[in-house]
Amino acid sequence: MLELIDFRKSYGSDFHLEIGSLNLEAGIHLILGENGSGKSTLLKAVAGIHPFEGEIVLSGVSISKDPLKYRKLIGFAEAEPLFPDFLSLEDLIQVVVKAKPSSPTQVEDLKETLKIGAFSQQAIGSYSSGMLKKSALLLAFIGDPKLIILDEAFTTLDVGTQHSLTKLVQRKSKEGTSFLLTSHQNEPITAFDLISTISLNQGRIIEHEGA
Amino acid sequence: MKELSISAFVSPFYRQYLGFWVLLLVFTTVFMEYPQHVLLAEFIYRNPILPWVLPLIFLSFSMLVLSFQKELLCKPSYAIFHHLGLWPKTEFRSHIFQVWISTHAFFIVYLGFLSIYGIKAHSYLSVFALWLVIIFSFVLHLNQIKKTFSKPIKERLVPRPFKRLTLPPFSWLLVQLKEKRPLLLLSTKGLSLILLSGFFTSYATGRYDIRWLLFAGLIAAYFHLPILMERMKMEATSMNWFKSLPSHPWRKSREHIIGLSLILSPEILMFFWRGIEVLSAFEVGYLAIYMLSLVLGLLGLLKWIRLKSYDQRILIPAFFIVFITIIFSFHPLFISILGLCLFVLMMRHAYEQ
């Protein structure tokens, strides 16, 4: 499903992320590691947001040869989502729905699952960190992505929404969507049938269980 | 979608270069009347070179807009807009056209006006070339933005401006202005220095008394309002965390006084440079103190307005109160004490930085 070939990413001389080659089957994968080990950097590169050296191929689509088609296959929710503070979640939904067409009920269903109330009409500048996280999650699930990347998805969410998100991930996984997750919280992760767990330390894979 | 295009891509452009637009508007409306615009148009098309310079000016401006839009798309909070690259072609083009026309409107309208005089002067080829360049600039804009979406976002690691130097808190505002709002800093300094220079020149004729220079100082202090507002914005956003620090009012005051003295140093230098010819050393000294305390007083007033959620229009009567004290020949040190009192009062407040 996802293939990284000779993957390398550097930040000056201070930090190097060297994955080499990695092949992930369809399903749910967990990436573990301490703060600063390179988890978010890796996820941002896979999401097509940040440049890197090497190649990434998702379901046969190469990020370097066909970047737009590749990005259509990806949904991504950042650990600390940032959006222009003068817009509302509704504005952002319009932008994403035009890019990744979805069924008319999908957005409404996602709003209900993630308990997004009337705040979606308000300016993002007034959102709490939990609301921001819910917004990023909703945008990541829009359309029919083959791979959804959730970086620290459960952080800042209330317990009720954590349960709803867990069920949503399980349901989408059964429907054929793959997931790349990171989490420092153990409890929600135990509910998933993980295909593999990748442990990172100082920019290198030190363990790949289930591979 | 039109509103979204405007608020996300057009407003930030005008906001970023506000100083330039204000100067341009003042220059083309206050200092030039309609007959002068006509004279300018006729002058351009009488000259053999100038009609060919117009497309170059437009292209340079268009490049500035393009580089601004590309920078905007590299901001982490704008990552969501990379979905625009996945939009259907017609909607994508329509979005780009809205942004392009809104950011180029002033120049296109003015060049349209000039073109009428170009046609009257039978300079058909140069007018045709001008509009060809305008169309080319749109096509270039469209292609370049499209290209930006097909690439990952360029990461910008913000370098510390002075690597080995610990930046003292009083320098943070100046560094913020230098890094983020250089045009604001430049236009404020430019306007304020031009104004003070004009006042000094007329004062040197001997027809005015010291109140003339005090009035100049008051206007120059009000020119610094956008910089003070930038400081307030900084305190409410990136410096919010510092509110929790137990800082002594004296320490806070000292940092503001040194920081704003640095920003006002060109004006203070001008008081000494130009003032020493026409004023006594004592007068020059209190003029510098007066200018600094007016700006400190304005900062105090802005903090007070924010604290009490008052309307910012209070700044207008405040201007006239100082103006009246100048007219009635109150000593500038009295006005300085008023400004400093307001500043110190706000510095004593526990929730003000």
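Predicted model, so just to flag it, every value in this text is computed and none were measured. Just so we're on the same page: letters track the sequence lines, and every chain starts at 1.
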Q. Looking at K44(A), H50(A), K72(A), which has the largest count of heavy-atom pairs under 4.5 Å with chain B?
A. H50(A)
Q. Parallel, tilted or perpendicular: which describes the rings of F61(B) and H104(B), with under 30° parallel and over 60° perpendicular?
A. perpendicular
(Q) With a 4.5 angstrom heavy-atom cut-off, is it the side chain or the backbone of K100(A) that approaches chain B, or both, or neither? (A) side chain
Q) Parallel, tilted or perpendicular: which fits the ring planes of F141(A) and F179(A), with parallel below 30° and perpendicular above 60°? A) tilted
Q: Return yes if a side-chain donor-acceptor contact under 3.5 Å exists between S62(B) and S137(B), otherwise no.
A: yes
**Q.** Which atoms of I124(A) approach chain B - backbone, side chain, both or neither, heavy atom under 4.5 Å
**A.** neither
Q) F83(A) versus chain B, heavy atoms under 4.5 Å apart: side chain, backbone, both or neither? A) both
Q. Would a distance-only check, ignoring hydrogens and angles, find a side-chain to backbone donor-acceptor pair under 3.5 Å from K39(A) to E34(A)?
A. yes
Q.
I'd like to verify something: which residue of I63(A), L87(A), D85(A) has the highest number of heavy-atom pairs under 4.5 Å with chain B?
A. L87(A)
Q) Pick from L110(A), L157(A), V169(A), L168(A): which one makes a side chain to side chain contact (heavy atoms under 4.5 Å, CB included) with L137(A)? A) L157(A)
